[in-house]
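If you read the sequence from its start, that first residue is 1, and numbering goes on from there. Computation of the quantities below employed the complete heavy-atom set of this structure, encompassing side-chain atoms and omitting hydrogens, waters and symmetry-equivalent molecules.
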Amino acid sequence: MSFCGYFLTALIILKQHFSAAEISVPPAPTLIQTAVIGSSVELICQAPLGYGGLEYKLFKNQTLIQTVQHLTEDQSARFMLRGRYTEKENLYCCQYENSMYSSYMRPEPKDFSPPPSPHLMVKPSSGQVMPGETLSFHCQAPSDQQKHPPETFLLLQRAKGTPGSMVAPAKLVSQSQEAHFSVKTMGWEDSGEYVCLYQLKLPKTGQVNSTASQPVHITVIELPVPTLSLSQHEGKVLECVGSPAYQQGFFSLFRVGVLSPEATHQASLTQYSARFPVPTHYEHGAQYQCQYSVSLGNFWAYSKMSTPVTIPCITGYHTCTQASTGSTDLAVIVGSVSAGVLFLMVVSLLGFAVHRHIKNKSEGRRQREQDKFWQKVHSRDHIVDLTLQRVDIGSEGFGGMLRGRPADSEAIYDCPMTTFKNASFY
């Protein structure tokens, strides 16, 4: 392959690489007609679940005719068509931010009425739940819609203070092809009115929204977090204060890390707090927190735990006084030093014992070797029995010859052993 061929191949690869690296475009919204108000037609541009934007645009054919600006990111925008813009010959589409364009639709200014509203039910039927509990919604479409079954169901949370049943100001909670929704509540922000609607695809008008259902009211009961403090009231006490809106509640004192309460007191009829004496047995620096609960009809609501409070050393409690704390520290130090000394003594004794054992074994081995050596030496010795004999020396003096026979032999030594090889005298 020539240089030009390699160069063109590299360009093609780079082009494919950069094309794949382009930022993905948000999916297209849905543009539907929701109402005919007099001579005007209301359109809703709805972004898919999980998407939204600050700016929504409405196009007639390919010409921009309206723009809606939101202060915060929203999932939908409402457009009103009036006059000649409501004619059936016109085609409209919409876009949010830089998303793909929606499908085209035609307005139906006359003889158009949205499908009837569904019926929304919720469990528990009271609509009262605690944070973390799950709500179960069921959006039931009218029975006369069986010939055109709904394609999609939408569950919306209506913005607070919104009159009527308009869909635009509502927040999309969930979208599904099934009529059932499960919503896990997180906190008080999930309280409010919920409505549902369904979408149909009709032969003439295409996809349309039904009118919204009657709202159901949901209350997420989240008791305010109590406060725990150390105060003076006939001695040192721990005081747990709840919410003035919930009186005569039950207050419990917990030690941090322990599931069972140390004590539980009920507030009086007009009180929303409880006092707990400081426990007579507690460790220095122990932490405590409190919680309260109230009865709301047929169920109990529980607050979250208060911020932990550390109890300092209070004079008068024998398990935690300044003196006992000091003596405890001294005892710990003395105990640690004693343990260290004892450990060194044990190590020294062990070392001495090992040294003596090795030394004894070494001396025993050396003694055995010496014994073997002397046994070998003595086995090589020649033992000769020499008996010294007494002789008479003549009067000629010391220079004369020795005369006469020896006298009877007389042993000089009791143990006549020698290692001489020749016993003759010269």
Side-chain angles (χ1 to χ4, degrees), residues 29-30 32 34-35 42 44-54 56 68-78 96 114-141 150 152-176 178-199 209-225 242-246 293-304:
T30 302
I32 55 176
T34 57
E42 181 185 70
I44 296 294
C45 184
Q46 179 76 51
L49 185 64
Y51 293 88
L54 299 175
Y56 284 77
V68 173
Q69 295 280 352
H70 294 297
L71 295 178
T72 59
E73 187 174 282
D74 206 323
Q75 292 182 316
S76 62
R78 180 178 60 172
Y96 63 97
S117 61
H119 179 60
L120 181 62
M121 296 173 290
V122 65
K123 290 183 180 180
S125 57
S126 63
Q128 295 181 341
V129 291
M130 296 290 295
E133 294 183 349
T134 301
L135 291 166
S136 179
F137 292 93
H138 178 64
C139 187
Q140 184 176 359
T152 308
F153 291 88
L154 297 97
L155 180 67
L156 306 102
Q157 181 184 9
R158 183 176 294 171
K160 294 179 176 60
T162 302
S165 60
M166 293 184 300
V167 176
K171 169 189 173 183
L172 181 63
V173 177
S174 183
Q175 181 175 347
S176 173
E178 303 294 332
H180 296 275
F181 302 93
S182 294
V183 178
K184 185 176 182 179
T185 57
M186 303 302 295
W188 64 268
E189 64 274 8
D190 294 322
S191 299
E193 292 184 343
Y194 286 74
V195 296
C196 77
L197 54 86
Y198 58 93
Q199 294 179 336
N209 276 5
S210 69
T211 54
S213 66
Q214 290 295 317
V216 295
H217 190 76
I218 300 300
T219 302
V220 180
I221 302 172
E222 186 174 11
L223 301 181
V225 180
S243 171
Y246 301 99
S293 59
V294 294
S295 176
L296 300 175
N298 56 354
F299 73 100
W300 285 84
Y302 295 85
S303 72
K304 294 181 180 179

Self-check item: Atom CD of E178: over 12 foreign heavy atoms under 6.0 Å
Solution: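 For E178, atom CD is not crowded (no more than 12 foreign heavy atoms under 6.0 Å).
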
Practice problem: Please check if atom CD in E133 has more than 12 non-hydrogen atoms from other residues, nucleotides or ligands closer than 6.0 Å. | Solution: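 Yes, the 6.0 Å shell around CD holds more than 12 heavy atoms from other groups.
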
Practice problem: Check the pair I218, L135 against side chain to side chain contact (heavy atoms under 4.5 Å, CB included), reporting the backbone distance first and the verdict last. | Solution: CA-CA 9 Å; I218 300 300; L135 291 166; 3.4 Å; yes

If you take all heavy atoms of [X] and [Y], which pair is closest and at what distance?
| X | Y | result |
| --- | --- | --- |
| F153 | A141 | CE2-CB, 4.3 Å |
| D190 | K184 | OD2-O, 4.4 Å |
| M130 | V220 | C-CG1, 4.3 Å |
| S76 | Q46 | CB-OE1, 3.5 Å |
| E73 | G53 | CG-N, 3.3 Å |
| A301 | L223 | O-CD1, 3.4 Å |

Between [atom1] on residue [X] and [atom2] on residue [Y], distance to nearest 0.5 Å:
| X | Y | atom1 | atom2 | result |
| --- | --- | --- | --- | --- |
| I32 | E42 | CD1 | CD | 9.5 Å |
| L197 | T211 | CG | OG1 | 8.5 Å |
| C196 | F181 | SG | CZ | 7.0 Å |
| S213 | L155 | OG | CG | 8.5 Å |

Minimum side-chain heavy-atom gap [X]-[Y] below 4.5 Å:
| X | Y | value |
| --- | --- | --- |
| Y246 | S295 | no |
| Q199 | L154 | yes |
| T152 | Q175 | yes |
| P29 | Y51 | no |

Self-check item: Worked verdict on V216 versus F137 for side chain to side chain contact (heavy atoms under 4.5 Å, CB included)
Solution: CA-CA 10 Å; V216 295; F137 292 93; 3.9 Å; yes

Report all side-chain donor-acceptor pairs from residues 114-126 shorter than 3.5 Å, counting only partners two or more places apart or in another chain.
{"unit_1": "S126", "atom_1": "OG", "unit_2": "Q128", "atom_2": "N", "d": "3.4"}

Quiz item: Just by distance, do the side chain of T185 and the backbone of G187 share a donor-acceptor pair under 3.5 Å?
Solution: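 Such a contact is absent between T185 side chain and G187 backbone.
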
Quiz item: Where do K304 and E222 land on the salt bridge (Lys or Arg N to Asp or Glu O under 4.0 Å) test, with the steps shown first?
Solution: CA-CA 9 Å; K304 294 181 180 179; E222 186 174 11; 3.6 Å; yes

Quiz item: When you look at L156 and V173, which way does the side chain to side chain contact (heavy atoms under 4.5 Å, CB included) test go after all the steps?
Solution: CA-CA 5 Å; L156 306 102; V173 177; 5.6 Å; no

Practice problem: Describe, in one word, how the ring planes of H70 and Y56 are oriented to each other, choosing from parallel (under 30°), tilted (30 to 60°) and perpendicular (over 60°). | Solution: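 The arrangement is perpendicular - the two ring planes meet at more than 60°.
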
